[in-house]
Each structure stands twice: as structure tokens, then as C-alpha cells.
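Below, read A as the first sequence line, B as the second, and so on, with proteins coming before strands; counting in each chain starts at 1. Please read all numbers here as calculations on a predicted model, not as lab measurements.
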Amino acid sequence: MCNVCGCGAGEIRIENEPLVPGDHAPAYKWAPVGGRGAGRAQAHRHADGSGHSHAHADAGGAAVFHPGERADGSLDYGHGPAGAHAPEISQARLVAIERDILDKNDGYAGRNRDWLGRRGILALNLVSSPGSGKTSLLVRTIEALQARAEVVPVTVVEGDQQTSFDAERIRATGAPALQINTGKGCHLDALMVGRALERLDPPAGSVLLIENVGNLVCPAAFDLGEAAKVVVLSVTEGEDKPLKYPDMFAAARLMLVNKIDLLPYLSFDLARAIEFARRINPRLEVIQVSASSGAGLDEWLGWIDAQRLAARDAQP
Amino acid sequence: MHEMSLAEGIREIVEEAGRSQGFRRVRAVVLEIGQLASVEPDALRFCFDAVMKDGIAEGAVLRIDVMPGSGRCMDCGATVGINALYDPCPRCGGYRVQATGGTGMRVRELEIE
């Protein structure tokens, strides 16, 4: 294990190829844009012979402890808080750091967002519990966008702990898809998506759909550089889910209520589910859809079009 | 277990500060965690020791200061204290409270030797 960053025998795989342990620096040399302090690259090698570099930002602001220098040139270690220096008695002091714990992820997310913005690509991060029907909805969405007279190119990043089943389902539509297996991980992070962008190289003006790991908790915290998080809640789940898992509904801009064709067979209270979600996030937009019957699909595609045009218009 | 990823983020921040400011031992790490942030302090404590192992903050004390949550009520316009994202406005009882404070999580300071 790397003593610098703690990276070690990782289980993250992109298209079944391991993300090289400790191989943290993307080929395009993205340094995190932490905003505090200039990035400074530092390369180091691991005992196993692999090497990589980290971008290091100065936390800045805090003075470094220096022993006092006396007139005769000798060094005084006795001016610290303890008033004396002995190997057992440390000169404890506080250093201000003031850095967000997610600085690094947010830095990479910012780079992804710039990269996508320059190409006018709309990126959506689809999040939900496992089994909400995200992949079926994506397949249906891609088919509809490809059936248009003016085809909208779509690229997909699939996140799952294991298997490439979902990427295979997407590729069957003809859309390029890249599978990221997070191993034991519970979410995609911005660096994984940055890697995927390099590999997929989605065309300018296209739509990038990121299907996050099925998990209603952790992906809420990780910005991937997307334009919006879209949370999918299916009516076969409980209507109280927004209250039970509030972070995800707070982070999302749009909620897709999926499988509405099943409503006649269920006791799911749709109005209550929407009310609960808006308690968490008063600005949340809601569209009701069914990936199997196609209900609500036009409204969802209209929403994508509006975002897509906004991304294209914002392109420098 | 995204608390593990967050603990790794803390480790990177601590190690970077050690390299750039020239200290090799951290005795305490002080975090500020917003009450509305998507992190559970107990879960973070649970991973912290394991993640800091073999680094400059191995064995360090973790202190977590919980920052109170606040939001702006879109119904009555007041800025109010809330304990959870689903709390109603304590002034008007409405649920249209947009979280504005206590949503962050950061490393505030380190006690070093």
C-alpha cells in the first residue's frame, strides 16, 4: 500500500481492466482545482515498482514551526507552548487547514465539467436504488433519441460493483458504453468518470448518461461534473423513500417516478411521494414515466432536449 | 461506506499539509461536519483509525465539531435553524425549506508536533 495516499490493491475496473494500483493521475495531467493554493505535481514510486504522481496543493496560511535562533546561532526548541523541549514532550501546535474533505473529488469534477462544457455535451448522473429500472429507462431513452430524424448521439457510462451486464444492454442499442466496476466501492467518483471520458471521447453536442451504482446513499455526495443529478424512484418502492434517504433527493434536480404502468396494482401514493420529495428539495422537478409502456417518455425527452440545448448554447 | 472515501480524503489533505508545511506527526485532526452533510460522524470515526494507519496521523485523535443546519424558508422568507433536510420551518410550519448552512464537511485544523 502506498504510504502517501493510501492507494493499494484496488478493485476498480474499467471494462474489466484493473485501474492500476496507485495510478491516480489521468493521462491529460489534470490537477485538482482545489482553489486554495497552486497545484504542485509530485511523482513517487511504490515498492512494487509502479509509479504515479499526486497533485499537491498548499494549504497555505499557517506558519511552520521553526526553532528560535539565538544570537550565537544556536537553535532554541524551548519557545513552543510547552516551554521546553524534550523528546517525550512535544511542542503541540495547531495548523489551520480549512479544506473541504471532498476537495479532490470536486477538483476532478470541475475538470470534467469544463471538459464537457467546452464540447457542449449534456451530462446527466442517474442515481437510484438497485432495481428502480434505470437501465431499462436508459435503453428506451437511447432508442427514442436515435429514432429521430436528427439523431442525438448518446454515450453511456455504467457503474456497477461487478459485471458488465448493463453496458452490454446499452451497447445492444448501438450506443457506445463503458462499464466501470467499482469492486467494493459504493459510488462513482469524478476521477473514474474523467477516465471514462478519455476512453469514450463523446462527440460535441452529444448526451452523456452516467448510470451510477444502484445506491440511494453514497452517490449523493460525489459530484461527477454532471449538469444535473436525476433520481429515479420506482412505484414498487415505498413512497416514504425521499424521507428515508433525503440526501439523494436534496442533491437531485429532477425526479423520475418510474414504472407508473404498475400503479393500478399497488398501494403506492404518488402524490405523497412527490410531496415528501419536495419537503426535502422544494425546487425538485418531477416527471412520471414508464420504461415499459412508454408513458411520460415524451416529457422526459423534452426535458433532456431543453438541457441539451442549454449545454450547446453555453458552449464557448 | 462512502465514509471510507471521505476518510481517505482526510488522509490526503493531512499528508499534503505535512509535506508542504514540513511536519511529520499529527496528534489530532479537527473536522467540521455540517448537521445536514451526507456523512455520519460515528461511521467516519469507525474508519478513521484504519485509514490513517501507517501515515503521519496514525493514532491521531479525531475531533468532530458538528455545525448546525440552517435553511431559508421559501414560504415565509425566514432563515431558520433545521436539524434535518425534511424538517418544517419552525416559524410557519411549511416544508419548503432550502438548506443553506451546515451542509459542508472540511478539515479545519491539525494539532501537530
Heavy-atom proximity to chain A below 4.5 Å, by part of [X]:
| X | value |
| --- | --- |
| B/Met74 | side chain |
| B/Ile56 | neither |
| B/Val97 | backbone |

Side chain to side chain contact (heavy atoms under 4.5 Å, CB included) evaluation trace for A/Ile274 with A/Met255: CA-CA 9 Å; A/Ile274 295 170; A/Met255 174 168 78; 4.2 Å; yes
Options B/Gly94, B/Gly9, B/Ala99, B/Ser38, ranked by heavy-atom pairs under 4.5 Å with chain A, top entry: B/Ser38
Give, as side chain, backbone, both or neither, the part of A/Ala250 having an atom under 4.5 angstrom from any heavy atom of chain B. side chain
Taking C-beta and beyond as the side chain, do A/Thr182 and A/Met192 meet within less than 4.5 Å on heavy atoms? yes
Kindly compute the distance separating CZ (B/Arg25) from CD1 (B/Ile112), expressed to the nearest 0.5 Å. 12.0 Å
Is the number of heavy atoms from other residues, nucleotides or ligands under 6.0 Å of A/Tyr245 OH greater than 12? no
A/Phe222 and A/His187 aromatic ring geometry - parallel, tilted or perpendicular at 30°/60° bounds: parallel
